[in-house]
Amino acid sequence: MATETTAAEGSSLVFHPMDQFIVKPLFGDGAIAWYTPTNVTLWMFLAIAAIFGLLVLSTSKRAIVPTRMQSVAELTYGFIYKMLEDICGKEGVKYFPYVMTLFMFIVCANFLGMIPTSFTTTSHFAVTIPLALAVFLTVTILGFVKNGAAFLGLFWVSSAPLALRPVLAIIELISYFVRPVSHSIRLAGNVMAGHAVIKVFAGFAAIAVISPVSVLAITAMYGLEVLVSFIQAYVFTILTCVYLKDALHPSH
Amino acid sequence: MATEPIAEEIAGSCVDAYGSAIGMPQLCFDWFPNQIFWLVITLVVIFLVLSRVALPRIAAILAERQGTITNDLAAAEDLKAKAVEAEEAYNKALADARAEAQRIAAEARAEIQSGLDDAIAMADLEIAAKTAESEKAIAGIRASALDSIQVVAKDTAAELVTALGGKADAKAIDGAVDAQTKG
């Protein structure tokens with residue numbers, strides 16, 4: 001996506017759809033070192049607070065008959081637990097805290113990003129690439145630790161005709177290494193695109209004639225983005241489960 | 001956005017002099033270390049919170065609820081069995097009471113019947129005695145009436161014979177009257 005800066009044209013139309021993704025220091029205007037508290041820090045910590053409120057504070061009463069918030073926490077727990085168990089089987093349940101961490105972080109960051117003027121941490125490749133790489137490395141290491149060399153059977157499609165197997169092995173190998181790329185870009189790309197589109201519509205709202213249409217479009221996009229926020233977190237998590245299944249049961 | 005130009009060295013290579021993004025901020029590698037650093041901290045914190053506190057607690061709540069439901073179902077089953085038992089006992093008591101009532105009624109009926117039979121027998125005896133007495137009295141009356149008829153007949157016959165100019169033969173008249181009244 002190219003820069004849409006058309007400010008100097010003298011018109012009232014000013015598009016800065018990408019400015020919402022700028023990382024800024026929280027205090028002062030200094031340069032950004034690796035340790036500087038930035039808006040990234042703020043919104044990630046808000047995600048932690050949201051997760052803490054949702055899963056810890058809401059369950060503090062340990063009610064047999066749950067309150068509304070507690071049943072939300074229980075449903076979330078059951079949703080991810082069942083997903084992991086369905087895909088990976090009983091052995092996968094061991095990795096539940098890890099999968100739950102990924103899901104809760106992404107879903108909370110996505111929804112916090114839907115607050116107007118907020119900063120969406122999951123729209124950055126710098127966030128999604130480490131997440132996807134972590135999954136990729138975990139699955140690869142786990143696969144070799146659990147299965148030894150038999151993990152390479154993942155690339156050797158034993159149900160295919162013998163002549164086809166080397167070709168398939170190359171394709172499987174490529175697709176295996178493309179996983180972290182698609183895994184990370186899918187999440188950041190979806191979130192970023194939606195936010196940028198909303199910002200573009202917002203830029204059009206400056207023209208009085210177009211502004212009702214613009215506001216309607218923003219509303220519609222916002223609804224779609226709420227959906228995307230959840231679906232992308234879900235997709236990221238379910239793919240993590242699928243990759244984990246490969247590590248636990250490498251046979252096709 | 002900021003309208004004042006800002007110092008080039010502070011803005012870095014990703015933001016222009018007006019504070020707007022140059023290209024995609026997502027591809028600004030100046031910011032990568034910062035984002036990765038805070039991401040790692042965030043993930044570690046979330047992982048610790050989830051694995052130490054939240055997930056065991058929710059698992060415990062769910063298990064406890066499951067246990068409670070199972071216990072309650074068992075208790076309900078028990079109570080249901082007890083209710084069935086109580087109903088059976090009630091029905092049995094009812095049947096017993098009904099049988100007892102029928103027995104008492106039959107007894108009473110038999111008692112009354114026997115009393116009635118006695119009374120009827122006694123009344124029959126009395127009636128028979130009275131009938132016999134009456135029959136005797138009637139027989140007496142009939143005999144006396146017969147005697148009177150013979151006497152009257154003889155007298156009348158003697159008178160008639162006399163009136164007709166005959167001579168009243170007492171013996172003949174007696175014989176005739178006896179012969180007439182005998183049949």
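The sequence lines fix the lettering, A, B, ..., with proteins before strands; numbering per chain opens at 1.
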Separation between CH2 (B:W31) and NZ (A:K24), nearest 0.5 Å, reads 8.5 Å
Worksheet item: Given the rule in the ring-ring contact (aromatic ring centres under 6.0 Å, His included) test, do B:F32 and A:W34 qualify, once you have shown the distances and angles that lead to the verdict?
Response: CA-CA 8 Å; B:F32 267 46; A:W34 61 269; over 10 Å; no
*asked:* Could you check whether A:H124 and B:Q35, counting side-chain N and O atoms only, form a donor-acceptor pair closer than 3.5 Å?
replied: yes
Rounding to 0.5 Å, atoms CD1 (B:I61) and OH (A:Y77) come to a distance of 10.0 Å
Looking only at B:T68, B:L43, B:L27, the option with the highest number of non-hydrogen pairs under 4.5 Å against chain A is B:L43
From the list A:T122, A:V127, A:T128, A:T121, side chain to side chain contact (heavy atoms under 4.5 Å, CB included) partner of B:L39 resolves to A:V127
Per-residue tally against chain A (heavy atom, under 4.5 Å) across B:W38, B:F29, B:F47 peaks at B:W38
Quick check on A:F230: does its CZ atom have over 12 non-hydrogen neighbours (other residues, nucleotides or ligands) under 6.0 Å away? yes
Is any side-chain heavy atom of B:Q26 less than 4.5 Å from a side-chain heavy atom of A:F21?
yes
| said: Are the side chains of A:M18 and B:I22 in contact, using a 4.5 Å heavy-atom criterion? | reply: no
**Asked** Looking at side-chain heavy atoms only, is the closest gap between A:I32 and B:D30 below 4.5 Å?
**Response** no
Taken to the nearest 0.5 Å, the spacing of B:L62 CG from A:Y81 OH works out to 10.0 Å
* Within the distance-only criterion (no hydrogens, no angle test), does the side chain of B:R57 pair as donor or acceptor with the backbone N or O of A:R62 below 3.5 angstrom? -> no
Practice prompt. Would you indicate whether the side-chain heavy atoms of A:I51 and B:L50 approach each other to under 4.5 Å?
Written response: yes
Checklist line | Test item: A:I129 and B:I36 side chains (from C-beta on) under 4.5 Å apart, heavy atoms | finding: no
### Query
What do you reckon, is NZ of A:K245 surrounded by more than 12 foreign heavy atoms closer than 6.0 Å?
no
Self-check item: Salt bridge present between B:R65 and A:E74 (N-O < 4.0 angstrom)
Solution: yes
Interatomic distance, SG@B:C28 vs CD1@A:I22, rounded to 0.5 Å, equals 9.5 Å
